[in-house]
Amino acid sequence: MDLILLGIQDALTLTTLLTVAAGVCLGIVVGAIPGLNAPMAIAIAVPLTFYMTPLAALAFLISVNKGGSFGGSISGILLNTPGSPEAAATAIDGYPLARKGRPITAMQTALGASVCGDLFSDIVLVLVAAPLALVALKLGPVEICSVVIFAFAMISGLMGNSLIKGLIATALGIFFATIGTDPTMSMPRLTFDNINLVSGIPLMAIGIGMLALSEVLIQIEIYLRDSRSGAKEAVEIQSLPDDRLTPRIFLAIWRTVLRSAVIGTFIGALPGLGATIAGFLGYGAAKRASKNPEKFGKGEIEGVAAAEAANSAVVGANLIPLLTLGIPGNVTSALLVGAFIIHGVAPGPWMFEEHGRLIYSMFAAMIIANFLNWIIGGAGLRLFAKVLAIPKPVILPALVFLCITGSYLNDQSFFAIELTIAFAIFGFLMRKLGYPFVTFIIGFVLTPMLELSLSQAYILMEGNIAALVNYPIALALVAMTMAVIVRAFLRGHEPGP
């Protein structure tokens with residue numbers, strides 16, 4: 001209890017509140033710009049938090065994600081061009097509702113549902129993380145190895161349109177993670193006598209390069225090809241008396257918001273599914289439960305609330321596997337691993353024993369971020385909508401500068417910049433060829449854990465795979481892994497062209 005109170009006290013300091021507010025603002029702005037998203041902003045921002053305190057850094061990065069989960073709906077509602085993939089379901093009813101002369105109502109509904117869904121998942125995280133961490137601490141190397149392999153199967157099979165491409169991307173991530181010093185033999189491998197590679201490839205070079213800089217390359221390609229090809233007429237925001245979300249309207253859709261929050265929390269707790277799937281599942285559930293399903297897709301406010309509550313609920317829930325098992329469930333939590341490591345914190349169940357005060361202060365900051373998201377988002381709704389008018393020739397060069405600066409600050413070397421540019425080109429090619437770069441990044445992050453647990457499991461089992469029967473939890477996880485792979489094939493995850 002003392003740790004919880006101290007954590008709340010730390011989160012209520014002026015420094016933490018200001019960093020949370022700054023993160024929310026940045027997240028909303030970045031999310032609102034088509035082509036940019038919160039994970040991209042986090043990848044660039046992680047090295048910039050090096051000189052912050054651990055709490056301020058983590059609170060800032062998580063707040064960027066929270067603001068971005070709502071920000072993506074702004075361009076989706078006003079332009080029918082979602083600022084982030086997860087806002088695609090929100091745009092189905094958000095844009096028609098805006099075209100009916102109610103853009104403020106649509107955006108306020110998206111904001112309210114986003115905050116409620118996010119707050120619900122945060123509460124679940126606070127309640128279940130510590131108990132699950134206690135359970136995770138009882139798992140041995142054999143079980144941990146099985147959990148990581150199961151996570152690989154989940155992420156590879158559920159991200160992208162091809163299981164084969166997902167597995168190849170994961171395998172490539174594992175390969176690049178083995179560059180550096182062998183953790184068991186302390187011998188350099190695949191370094192080619194390059195001293196810069198002895199400590200391995202920096203996670204931030206991969207994160208910034210593949211996630212941020214490669215997206216900039218994609219956006220430059222689109223702009224050079226035809227800067228007007230995807231332009232849509234933006235809905236103008238007018239000051240109409242009936243264009244606002246009233247408490248009566250919101251109370252009428254609270255069941256939809258709660259249902260979607262539960263769906264999004266469940267989806268977020270499972271590695272590999274993500275906010276986009278959650279948004280469409282929440283939207284589909286609301287449509288099936290509605291008495292007037294024919295109104296969906298034509299400007300139904302319930303559709304906006306359902307999609308936004310579901311995709312935002314993933315934000316808090318995706319930290320559950322990270323904090324309990326050390327396994328990132330999506331690319332955002334994978335980037336947070338880098339932030340934890342920068343500040344001397346190893347993600348996993350032992351965090352609650354070694355850094356309990358930091359964890360509970362982070363939980364408190366997450367709750368605060370939800371309320372600041374509501375306040376800042378509501379107060380600056382018209383202002384944030386104007387970021388859609390910022391031209392790409394202004395945004396893209398600034399992003400390139402931030403990417404290069406961030407990669408240099410992380411490692412203090414020009415070699416890190418070279419790696420960032422190399423992985424930006426690699427990420428660009430993966431995107432063009434349809435390989436899920438997200439599985440590559442998560443594979444890279446999880447490989448050290450897999451390698452260590454695999455070597456320990458081999459020693460415990462004396463190299464005899466039949467000894468797995470003595471570990472029922474690991475055996476069950478292996479069976480689940482096989483089931484996930486088979487299911488992925490049966491659902492049409494065939495090799496891509």
Side-chain angles (χ1 to χ4, degrees), residues 39-40 42-50 148 151-152 155-156 167-217 322 326-328 330-347 402-431 435-455:
M40 182 179 180
I42 291 173
I44 298 173
V46 167
L48 304 179
T49 63
F50 184 81
V148 175
F152 278 149
I155 294 166
S156 302
L167 291 173
I168 291 174
T170 303
L172 287 172
I174 294 173
F175 170 75
F176 280 103
T178 59
I179 296 175
T181 303
D182 187 316
T184 56
M185 304 296 294
S186 297
M187 295 290 291
R189 57 188 180 186
L190 299 176
T191 59
F192 304 102
D193 295 326
N194 189 331
I195 193 172
N196 293 299
L197 292 175
V198 171
S199 58
I201 297 176
L203 172 60
M204 285 301 102
I206 292 180
I208 295 174
M210 298 192 70
L211 189 63
L213 198 52
S214 67
E215 179 62 35
V216 172
L217 296 177
L322 178 65
I327 294 176
N330 59 14
V331 68
T332 302
S333 52
L335 294 172
L336 289 177
V337 171
F340 278 115
I341 293 174
I342 284 175
H343 293 281
V345 181
L402 290 174
C403 289
I404 299 301
T405 303
S407 62
Y408 177 80
L409 288 177
N410 179 67
D411 206 50
Q412 300 288 316
S413 72
F414 288 101
F415 184 72
I417 297 177
E418 296 172 2
L419 284 176
T420 300
I421 295 173
F423 279 104
I425 297 172
F426 184 56
F428 176 82
L429 294 175
M430 289 187 71
R431 290 170 186 254
Y435 287 86
F437 67 92
V438 175
T439 64
F440 175 94
I441 295 175
I442 295 179
F444 180 87
V445 171
L446 288 181
T447 294
M449 181 188 297
L450 174 65
E451 191 173 10
L452 179 61
S453 61
L454 184 61
S455 61

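- Between Leu197 and Phe415, the closest side-chain pair of non-hydrogen atoms falls below 4.5 Å.
- Expressed to the nearest 0.5 Å, how far CG of Leu452 lies from OG1 of Thr447 amounts to 12.5 Å.
- Side-chain N or O atoms of His343 include one that pairs as donor or acceptor with a backbone N or O of Thr49 at under 3.5 Å.
- The two atoms that bring Ala424 and Leu217 nearest to each other are O-CD1, 3.9 Å, heavy atoms only.
- Atom CD1 of Ile208 and atom CD1 of Ile404 lie 8.5 Å apart (nearest 0.5 Å).
- Here the CG-CG distance, from Leu322 to Leu336, works out to 7.0 Å after rounding to the nearest 0.5 Å.
- Checking side-chain atoms of Thr178 against main-chain N and O of Phe175 turns up a donor-acceptor pair under 3.5 Å.
- Evaluated for a side chain to side chain contact (heavy atoms under 4.5 Å, CB included) with Phe440, the options Ile206, Ile174, Thr170 yield exactly one hit, Ile206.
- If you check the side chains of Ser214 and Arg431, you find a donor sitting under 3.5 Å from an acceptor.
- Side-chain atoms of Tyr435 and Leu172, non-hydrogen and from C-beta on, never get closer than 4.5 Å to each other.
- Contact between Ala169 and Pro436 at its shortest, heavy atoms only, is CB-O, 3.5 Å.
- Within the 4.5 Å cutoff, no side-chain heavy atoms of Ser199 are placed close to those of Thr181.
- Of all heavy-atom pairs between Phe444 and Ile201, the closest is CZ-O, 3.2 Å.
- Across all non-hydrogen atoms, the minimal contact from Ala416 to Ala205 is O-CB, 4.2 Å.
- Rounded to the nearest 0.5 angstrom, Leu335 CG and Ile44 CD1 are separated by 10.5 Å.
- Distance check, rounded to the nearest 0.5 Å: OG1 of Thr439 to CG of Leu446 gives 11.0 Å.
- For the pair Pro347 and Val345, the tightest heavy-atom approach, listed with the atom from each and the gap, is CD-O, 3.5 Å.
- Summarising the geometry, atom CD1 belonging to Ile425 is positioned 14.5 Å from atom CE belonging to Met430; distances are rounded to the nearest 0.5 Å.
- The shortest side-chain heavy-atom distance between Phe426 and Phe176 falls under the 4.5 Å cut-off.
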